[in-house]
Amino acid sequence: MEALRRQRIKDLLLSDSFGSKVTVNGWVRTKRGNKNIAFIALNDGSVIHNIQVVVNVPEFDEELLKLVTTGSCISVTGTLEQSQGQGQSVEIHAGSISIYGSADTEAYPLQKKGHTLEFIREIAHLRPRTNTFGAVLRIRHAMAFAIHKYFNDHGFYYIHAPIITGSDAEGAGEMFRVTVLDPLAPPLNEDGTINYKEDFFGKETKLTVSGQLEAELAALALGLVYTFGPTFRAENSNTPRHLAEFWMIEPEMAFYDIHDDMDLAEDMLKYLIRYALENCSDDLEFLQKMYDNELINRLNSVLVDHFIRLDYTEAINILSASGTNFEFPVKWGIDLQSEHERYLVEKHFKQPVMISNYPKEIKAFYMKMNDDGRTVRALDVLFPRIGEIIGGSQREDNYDKLLARINELNIPEKDVWWYLDTRKFGSAPHSGFGLGFERLILFVTGMSNIRDVIPFPRTPKNAEF
RNA sequence: UCCUCCUUAGCUCAGUCGGUUAGAGCAUCUGACUGUUAAUCAGAGGGUCCCAGGUUCAAGUCCUGGAGGGGGAGCCA
C-alpha cells in the first residue's frame, strides 16, 4: 500500500534506519541555501520539530524548486541520513520532490519569524500551521484523550447531554435562543408575546449552559458518569478567561459527598497534568521557551503537595487578617473576588486551593444545605494564574429542601419537575463538578488568553471562521 | 457592560513643538555565496497613517464621534 509507506516526521526523527528510503508529506517552514545545495525545513504536524530535507540543487528542475516556498505543501522521497550539520541528528537527502500545493510568498501571511498571538488570531484558518498553535492543538488533544482515559479507567460512563435544551433552570448564565421563527414576523400570542408553540420544538429552546442536571439523572442510575461537551453562555464577558462557546467536563457521582468530590477533583487534575508532562514534553518545552519560562516547574509544583482545603469562613478570616487593602472589602457573605482568590492562591498558600461551604445566597439552588442552615456544600478549585478552574458541589438530595429552595428563588416548578422526580424516586446523596476544558488548557500550556487555546474562539462580537 | 491603553508598509514598531518628499528592522523580490540552522552580504519594490467629521495657512500629529484590538474589573468554567 502506497499510503503505508509514507512516514510521519515524528517517527523519522527518532529513527536510526540510515540509508533507508522514506517518503514524507508536509508543509514548508523555510528554505535556504545556494545554487548547489538547499535546506528545507519540513513540518507535517505530527510533532513540533521539522525534519531537514537536503536538496542537491543541480539535480532538480529550477522551476520546481521555485515552487518550494514558505507555506507550500510538498512530498519528498529520499534517503534517511545522519546529519552532517549541527542542529539535527537526522535528515532526508531528497531523491524526488513533488508539489501538492504552492503558496504565493507575497500573499502568504506567515513568515518564518515570529508573529504576535493577536495577529495569528486574525488568521485563525492558518493558525494551526504555526509552531505555537500546533503545540497547543496537540496538547488539547492529549488532554481530551486523557480525560476519557481517566474516567474510563475509574469506572465512569460517558453521558451525552443535549446541546439544545428546553430548560433554563441551571441559572449559570444568559442563554442563546434556538429558533426557526422568522425574526421579522414571529407568530404572536394575543398578549403580544411570541408564540413558541409554533416554533420547531413547540416551545422555547436554548443552547445549554451546562450538562449537569442531565448528568445527575444519569448518575442516579449508572452511579459514576461524566459529560464532556460544548456549552454556551451569552454573557457579554470580555476577558482572557471567558468564551461564549466552551467545552466543559462534568463528572457526577452517586454516593459521593463533598469530600469525595474534592478527592476526585484533585486526583483528576493531577492525573491530567502528569499526563501532559509525560506525553507532551516536546510541545511543553517549546511553549516554555517561547512564552513562559516557569511553565514546567509550575506544572510539576502542582503535583507535589495536597491541595489546600478550607471552608469559605476560614478563607474570609485569612483575608480579613491579611492586612491587605482590597478593592472589595472582605466580610462574611460576600462572593470572593479575583483579588481575593489571587491573594489566597498566589500570596498566602502558593498552591492550588479548594474552598467549600459557601453562604447559600451566593450559590446555585441545587447545592446541599449544611446543618447550619446558612451554608451549602459548594466547592471551588482555585489555580494559580487562572483562578477558578472547577466549580462543583454536593447536590441537595432531599426533596422537601430542594423544593423549598426552588420556591424561594421563584424557579417555576413546571420547568424542573423531572429534576425533582429524581429526589422523589430513589434519591441518593451525590456530588459533581464542572471543569472548564479551556481553562485547563490555559494552565497546562501557559498561554495567557483563552482565545489561543481553542481553534475557533467564539466571543462577543466575534464569530469569524 | 465599566476603567485604561493602543490602531502608521505583509509583520513588529519609530515618527520631536502641528510644517514641506512618512522612516527602521524583519518579511518579499533580484543578485552573491558548495552544509545552512530565525543563515549571511548587496540592491530593489512596497503606504487609504483604522473610519467619519471638525479646528488650522498647514493634521500621521490637536478636538469630537464611531469601529477594532490589548490589559484590568464584573458575570463564571
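Hydrogens, waters and symmetry mates play no part in the numbers below; they use all other heavy atoms, side chains included. The sequence lines fix the lettering, A, B, ..., with proteins before strands; numbering per chain opens at 1. Note that the structure is predicted; figures quoted are calculated from it, not measured.
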Kindly indicate whether the side chain of [X] and the base of [N] share any N or O donor-acceptor pair separated by less than 3.5 Å?
{"X": "A:Q86", "N": "B:G35", "value": "no"}
{"X": "A:Q111", "N": "B:U12", "value": "no"}
{"X": "A:E91", "N": "B:G35", "value": "yes"}

If you measure from the Lys or Arg side-chain nitrogens to the Asp or Glu carboxylate oxygens, is any gap between [X] and [Y] under 4.0 Å?
{"X": "A:D397", "Y": "A:K368", "answer": "yes"}
{"X": "A:R405", "Y": "A:E408", "answer": "yes"}
{"X": "A:D292", "Y": "A:R298", "answer": "yes"}

Check whether any side-chain N or O of [X] sits under 4.0 Å from OP1 or OP2 of [N], and answer yes or no.
{"X": "A:S237", "N": "B:U1", "value": "no"}
{"X": "A:N34", "N": "B:C33", "value": "no"}
{"X": "A:Q52", "N": "B:G35", "value": "no"}
{"X": "A:K461", "N": "B:G68", "value": "no"}
{"X": "A:K35", "N": "B:U34", "value": "no"}
{"X": "A:R32", "N": "B:U36", "value": "no"}
{"X": "A:N236", "N": "B:G74", "value": "no"}

Can you check whether A:H49 and A:F286 have ring centres sitting under 6.0 Å from each other?
->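 Not close enough - the centres of the two rings lie 6.0 Å or further apart.
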
Does the gap between the ring centers of A:Y343 and A:F326 come in under 6.0 Å?
->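 Between A:Y343 and A:F326, the centre distance is under 6.0 Å.
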
Test side chain to side chain donor-acceptor pair (under 3.5 Å), reference A:E438, set A:H242, A:R451, A:R140, output is A:R140

Considering every strand and a 4.0 Å limit on heavy-atom distances, what is the contact class for [X]: base, sugar-phosphate, or nothing?
{"X": "A:R29", "result": "nothing"}
{"X": "A:T239", "result": "base"}
{"X": "A:G33", "result": "base"}
{"X": "A:L440", "result": "nothing"}
{"X": "A:N238", "result": "base"}
{"X": "A:Q84", "result": "base"}
{"X": "A:Q88", "result": "base"}

Starting from [atom2] on [N], measure out to [atom1] on [X] and report it in whole angstrom.
{"X": "A:R385", "N": "B:G71", "atom1": "CZ", "atom2": "P", "result": "12 Å"}
{"X": "A:N36", "N": "B:U34", "atom1": "CG", "atom2": "P", "result": "6 Å"}
{"X": "A:I362", "N": "B:C75", "atom1": "CD1", "atom2": "C1'", "result": "13 Å"}
{"X": "A:M175", "N": "B:C76", "atom1": "CE", "atom2": "P", "result": "15 Å"}
{"X": "A:K31", "N": "B:A27", "atom1": "NZ", "atom2": "P", "result": "15 Å"}
{"X": "A:M354", "N": "B:A77", "atom1": "CE", "atom2": "P", "result": "17 Å"}
{"X": "A:L435", "N": "B:A77", "atom1": "CG", "atom2": "P", "result": "11 Å"}
{"X": "A:Y108", "N": "B:C29", "atom1": "OH", "atom2": "P", "result": "14 Å"}

[X] side chain to [Y] side chain, donor-acceptor N/O pair below 3.5 angstrom:
{"X": "A:Y150", "Y": "A:D267", "result": "yes"}
{"X": "A:Y366", "Y": "A:E216", "result": "no"}
{"X": "A:D44", "Y": "A:S46", "result": "yes"}

Taking the nucleotide of RNA chain B with the closest heavy atom to each, which residue, A:T70 or A:K363, is nearer the 5' end?
-> A:T70

Taking the nucleotide of RNA chain B with the closest heavy atom to each, which residue, A:F39 or A:L243, is nearer the 5' end?
->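 Going by which nucleotide is closer to the 5' end, it is A:F39.
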
Determine if A:F437 stacks with B:A77; use a centre-to-centre distance below 5.5 Å and an interplanar angle below 30° as the criteria.
-> no

Using the P atoms only, state how far B:A58 lies from B:U8, rounded to an integer number of Å.
->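 The same atom, P, in both gives a distance of 26 Å.
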
Neighbours of RNA chain B within residues 114-139 of chain A, by heavy-atom distance under 4.0 Å =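 RNA chain B contact set from residues 114-139 of chain A: A:G114, A:H115, A:T116, A:E118, A:F119, A:R121.
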
